[in-house]
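Proteins get letters first, then strands, A, B, ... in listed order; numbering begins at 1 in each. Nothing here was measured: the structure is a model prediction, and the numbers come from that model.
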Amino acid sequence: MSDARSPEALIGTPQYEEIGEFPVEQGYIWSTCSSVENGNPLFWDAVVADKITDGPIAPPTMLSVWFRPHNWSPGRTEPAVPLQVHFDLKEHFGLPEAVISDNTIVFHEPVRIGDVITSRQVLRSVSGPKTTKLGTGRFWVIDVEYLNQRGDVVGVESYTGFGYQRGTR
Amino acid sequence: MILDEVHQGDMLPELRYDVTASTIVLGAIASRDWRPMHHDHEFAVNRNGTQDIFMNTPNQAAWFERYVTDWTGPSGRLGRMRFRMLGSVFPGDTMRLTATVEDVTTDDADCGWASLLVTLSVDGDTKTDCSVRVALPTSEDDNPWKRRGNAWQP
């Protein structure tokens, strides 16, 4: 993990806070809507957006888009790894394989053009050893919290991971 | 659409879409997902062992959002989505999105909610199930987007 404490000691502690590399912008909103032919006037018609959402917003499901790193940026030598806590847990428990078995997104305050989104990862739980058809390992639940520059929570993604060792049924 | 117009068991109109390589690549790039299995055929086949490039999860989420809000109209506000990924969507597939209203409720803050089970399938095989909780106006004067703090309980 990010320090020498056990995973259990880090439950509930925010880790790996990251600030989005650019503010929420209209171009990606239109690219996303275009990619799925989403004609919702909230994202195309300023008059509708003013009336319903007090100004333009981003589609809620774009939450994770705003903190994904550029494919390349000057000075970075290591690829950015999403959901670092998941990889930390695999390493800590010596579990080489892992799957994400559940992904839930909860939407809070709307994301608005110009917002700068911060994400942080919070370990919520780690199970004792369990055996499934994949092998023996542990389940864990990690929340990724997204906040805007005013500190409002705009969304929370929850991932249930299962790290395991093959052939230990 | 307002809450009174929605009932448990209602089915949403289906959406069919012919997926091409462009569909997959446009969706991946729009969601800033640069991983090669979503744009590089050789990588997908030879490194991932899949039959082709395949649709990424954030873009599937965008398809689900579009499908649900086509039905609700712009006043529908997503509260929660839960995904169960069962298979991949490839170029050449005809994607079929269907949904059933599982529950219609009003919460303690008088916000109206429809719970949907949305299914993305190809040739009858379910690729992704998505449970969606979406807020709907309870009257012509109500607007879920105006809810803040304790009035919004997604």
Side-chain angles (χ1 to χ4, degrees), chain A residues 20-22 27-45 47-49 51-55 57-72 79-80 82 99-110 152-160, chain B residues 15 17 19 22-36 39 55-85 95 97 128 130-135 137 143-149 152-154:
Chain A
E21 292 179 335
F22 60 96
Y28 267 111
I29 294 171
W30 282 333
S31 293
T32 294
C33 289
S34 176
S35 76
V36 297
E37 301 179 15
N38 184 350
N40 189 335
L42 280 184
F43 313 122
W44 299 94
D45 185 330
V47 174
V48 174
K51 180 182 174 194
I52 297 180
T53 53
D54 298 323
I57 63 166
T61 55
M62 289 186 72
L63 208 49
S64 63
V65 171
W66 309 116
F67 83 101
R68 285 214 188 88
H70 301 312
N71 191 46
W72 175 90
V99 293
I100 298 291
S101 60
D102 187 89
N103 175 209
T104 300
I105 316 175
V106 182
F107 306 103
H108 293 275
E109 284 295 302
D152 303 320
V153 176
V154 295
V156 179
E157 279 194 273
S158 289
Y159 296 91
T160 301
Chain B
L15 170 68
Y17 194 86
V19 176
S22 297
T23 312
I24 308 283
V25 174
L26 286 171
I29 300 306
S31 55
R32 295 176 56 78
D33 189 341
W34 325 116
R35 292 177 298 166
H39 63 258
M55 187 177 286
N56 69 335
T57 303
N59 192 232
Q60 285 199 30
W63 276 104
F64 285 118
E65 175 173 357
R66 174 250 161 122
Y67 178 61
V68 171
T69 56
D70 276 358
W71 174 69
T72 63
S75 294
R77 181 178 177 185
L78 291 174
R80 180 179 290 260
M81 299 174 97
R82 180 179 180 182
F83 301 92
R84 193 166 64 105
M85 317 296 288
M95 199 166 60
L97 286 146
T128 306
C130 182
S131 299
V132 178
R133 192 166 189 249
V134 59
N143 178 1
W145 288 102
K146 302 288 185 186
R147 293 179 171 275
R148 298 284 182 276
W152 179 245
Q153 300 171 11

With a 4.5 angstrom heavy-atom cut-off, is it the side chain or the backbone of A/Asn40 that approaches chain B, or both, or neither? side chain

A/Ile57, part contacting chain B, at a heavy-atom distance under 4.5 Å: side chain

Which value, rounded to the nearest 0.5 Å, describes the distance between A/Asn71 atom CG and B/Asp33 atom CG? 10.0 Å

At a heavy-atom distance under 4.5 Å, which candidate from B/Ala61, B/Gly27, B/Gly79 has the highest pair count against chain A? B/Gly79

First locate atom OG of A/Ser34, then atom CG of B/Leu26, and finally report the distance between them rounded to the nearest 0.5 Å. 7.0 Å

Heavy-atom proximity to chain A below 4.5 Å, by part of B/Thr69: side chain

Compare every heavy atom of A/Pro60 with every heavy atom of B/Glu65, then report the nearest pair and how far apart it is. OE2-CD, 2.9 Å

Hey, could you give me the CD/OG1 distance between B/Gln60 and A/Thr61, rounded to the nearest 0.5 Å? 12.0 Å

Output, in order, the C-alpha distance, side-chain angles, deciding distance and verdict of side-chain contact (heavy atoms from CB on, under 4.5 Å) for B/Arg133 and A/Val106. CA-CA 9 Å; B/Arg133 192 166 189 249; A/Val106 182; over 6 Å; no

Tell me the closest heavy-atom pair linking A/Val36 and B/Arg66, and the distance in Å. O-NH1, 2.9 Å

Checking heavy atoms, do the side chain of B/Trp63, its backbone, both or neither come under 4.5 Å from chain A? both

Heavy-atom pair with the smallest gap, counting every atom of A/Leu42 and B/Pro74: CD1-O, 3.4 Å

Can you tell me how far apart CH2 (B/Trp145) and CD1 (A/Ile52) are? Round to the nearest 0.5 Å. 9.0 Å

Side chain, backbone, both or neither: which part of A/Glu37 has a non-hydrogen atom closer than 4.5 Å to chain B? both

With a 4.5 Å heavy-atom cut-off, do A/Pro110 and B/Arg77 have their side chains touching? yes

Locate the shortest heavy-atom distance separating B/Trp34 from A/His70; write the atom from each residue and the value. NE1-C, 3.7 Å

Taking it one step at a time, do B/Trp152 and A/Glu109 satisfy side-chain contact (heavy atoms from CB on, under 4.5 Å)? CA-CA 9 Å; B/Trp152 179 245; A/Glu109 284 295 302; 5.9 Å; no

Of all heavy-atom pairs linking A/Val65 and B/Ala30, the shortest is CG1-O, 4.1 Å

Taking every heavy atom of A/Lys51 against every heavy atom of B/Asn143, the minimum-distance pair comes out as O-ND2, 4.3 Å

OG1 on B/Thr57 to CD1 on A/Ile105, rounded to 0.5 Å: 9.5 Å

Measure B/Tyr17 against the heavy atoms of chain A and call it side chain, backbone, both or neither at under 4.5 Å. side chain

Looking only at A/Phe22, A/Trp30, A/Phe43, A/Trp66, most heavy-atom pairs under 4.5 Å shared with chain B are made by A/Phe22

More than 12 non-hydrogen atoms from neighbouring residues, nucleotides or ligands closer than 6.0 Å to CZ on B/Arg84, yes or no? no

Before accepting this row, confirm whether a basic side-chain N of the pair A/Asp102/B/Arg82 lies closer than 4.0 Å to the acidic partner's carboxylate O. yes

Within the 4.5 Å heavy-atom criterion, are A/Arg68 and B/Pro58 side-chain neighbours or not? yes

